[in-house]
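A short write-up of the structure that comes next.
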Number of protein chains: 2
Amino acid sequence: MVVQSVDRAIEILELLLREGEAGITEIADELGVHKSTASRLVYTLQARDLVEQHGDRGRFTIGIGMLRFAGAVTGQIDLARLGTPLCESLAEKLGETVNIAVLDGAVAINVSQARGTSAVAAQNWTGQRTPLHATSSGKVLLASMDEQDQERVLAGELTAYTPNTIVEPDELRTVLKRVAEDGYATCFEELEPGLHAVAVEVLGATGEVAAAFSASGPAYRLSRKRIRQIARELRAAAAELSGQLGYIN
Amino acid sequence: MVVQSVDRAIEILELLLREGEAGITEIADELGVHKSTASRLVYTLQARDLVEQHGDRGRFTIGIGMLRFAGAVTGQIDLARLGTPLCESLAEKLGETVNIAVLDGAVAINVSQARGTSAVAAQNWTGQRTPLHATSSGKVLLASMDEQDQERVLAGELTAYTPNTIVEPDELRTVLKRVAEDGYATCFEELEPGLHAVAVEVLGATGEVAAAFSASGPAYRLSRKRIRQIARELRAAAAELSGQLGYIN
DNA sequence: CCCTCCAGTTGCTTAATAAGAAACTCTGAG
DNA sequence: CTCAGAGTTTCTTATTAAGCAACTGGAGGG
């Protein structure tokens, strides 16, 4: 029941998301369609601002019209709707940046964020995808996967973002075991220099891990001792969110 | 050259954005297509997480997959990335809705928004285009244009949105001179009844006007006196954002 | 200067796919 | 129980999307 041309248009969006930018010929090759077909599909997306062109040749990207949908999504999905107030109160309490992230294929995607009063980081992670292996949220989500899915991620490329990023599969396996035991995951300058983070799991109605709830801040403020304290706060908030999502312990 | 079925799928996304949620029958009515057509188009969007259903009956909404695309856009725009935190802190301080808008052809387009605690308006302007002549941001951007570009806009249609909209080119020229002198622009029920707004310019690295920073709220709260106070706050925040963008005064 | 390559677009043809209609299934309300 | 309304499925067909070939324009090289 898939409408093929619509599916192709979505495939174009996914391609632009992956590649950053592409031209008509490249898009046609990737889709396995004729250039004129690709041109028309892109034209349709462009007419609605979902795709835009930077320059005359080859540089189509996701368009600014997509921004309109971001607020709608975060206002509507339960995790964002229910979790955002919790994010905000926790950010105020901790003074750090608090995020909720969910699994999206082989990456984590942030669906909610609130910044605390001490937060210096300018980055808004909402809607941004982050690598599973290099973030505290990602490790929580990885640890919750069945072994087959987990191995699939570990078999992929574990990109180094800093000298601290865990890129050895064996090391990551050990870390994930520890996450399961500790009930929280940490990240010490593995994604960005100077950035520490800690995350715990949020359970959905059926008891499966629905999301990761995390707090992040500069290394100088997030010592290992403080991280453990924050993990406790996160766990309490996560339990409340789990309850709101329908989980009964 | 529009691919009709793709256009219809996009129309469905726009409808869900407008309405919040809708069922297959309502979508079919709005598009003027048969129910089975609407069902197939929605199915295709749903298969790719661009649409999701809450419950069994009637409650289709925008899906989380759209967030991925929105995230790609915000990650690319420095203004949105750097300006959003400032938006948020200013919205909290002022209690009003704060926006950042950039020039996009002959319209302003909002790239960031934060709502204050007093904000009653449900409208999310992010990603939306607004007319230059009828908004405070638009006037700031207009005033920053060279005379040739400015005259091109003034020679176009100046649509009346309310009885207060400035539609006479001469009157608008006078207003733009005033904007340049005052260092801020205002909007008194020119776009929507009951809506007042004030905007200041944000300078980019080279000193050119990169964006407009605005605050808006209901007429009963935004008196002319309060507008002048808010303009001062906006100017301070805009100076900070300009600095972040690389402008050295 | 001409030629080649590559970007994207346009016009035409046609067949494949999308669309419409009708029938179906399921659920909830009266 | 019936009926209305939700969404889905099957079938038919015509309309629309897709493919092909030609086109336009720009850049680079000889």
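Because the structure is predicted, anything quoted here is derived from the model rather than measured. Below, read A as the first sequence line, B as the second, and so on, with proteins coming before strands; counting in each chain starts at 1.
Separating the OH atom of A:Y43 from the P atom of C:dG11 is a distance of 12 Å, rounded to the nearest angstrom. Atom-to-atom, CD of B:E26 to P of D:dA4 comes out at 21 Å; the value is rounded to the nearest Å. Taking atom NE2 of B:H34 as the reference point, atom C1' of C:dA18 lies 13 Å away to the nearest angstrom. The nearest whole Å value for the distance from the CE atom in A:M1 to the C1' atom in D:dT8 is 6 Å. Spacing between atom CG of A:D29 and atom P of C:dA7 amounts to 9 Å, rounded to whole angstrom units.
In this structure, A:L241 and A:I100 have side chains that are in contact, with non-hydrogen atoms separated by less than 4.5 Å.
For A:R8 and D:dA18, the shortest distance from a side-chain N or O to OP1 or OP2 is below 4.0 Å. Not one side-chain nitrogen or oxygen of A:S39 sits closer than 4.0 Å to the OP1 or OP2 atom of C:dG8. Taking only side-chain nitrogens and oxygens, B:T25 comes nearer than 4.0 Å to OP1 or OP2 of D:dG7. A close approach under 4.0 Å does not occur between any side-chain nitrogen or oxygen of A:S36 and OP1 or OP2 of D:dG19. Dashed line: the shortest gap from a side-chain N or O of A:S5 to OP1 or OP2 of C:dA18 is under 4.0 Å.
Checking side-chain atoms of A:R8 against main-chain N and O of B:V6 turns up no donor-acceptor pair under 3.5 Å.
Nucleic acid contact for B:R59: none, since no nucleic acid atom lies under 4.0 Å from a heavy atom of the residue. The residue B:V42 sits apart from the nucleic acid: no heavy atom pair falls under 4.0 Å.
Between the side chain of B:R40 and the base of C:dG20, a donor-acceptor pair under 3.5 Å is found.
In this structure, a donor-acceptor pair under 3.5 Å is absent between the side chains of A:H133 and A:T165. Looking only at atom types and distance, the side chain of B:S216 has no donor-acceptor partner in the side chain of B:T97 under 3.5 Å away.
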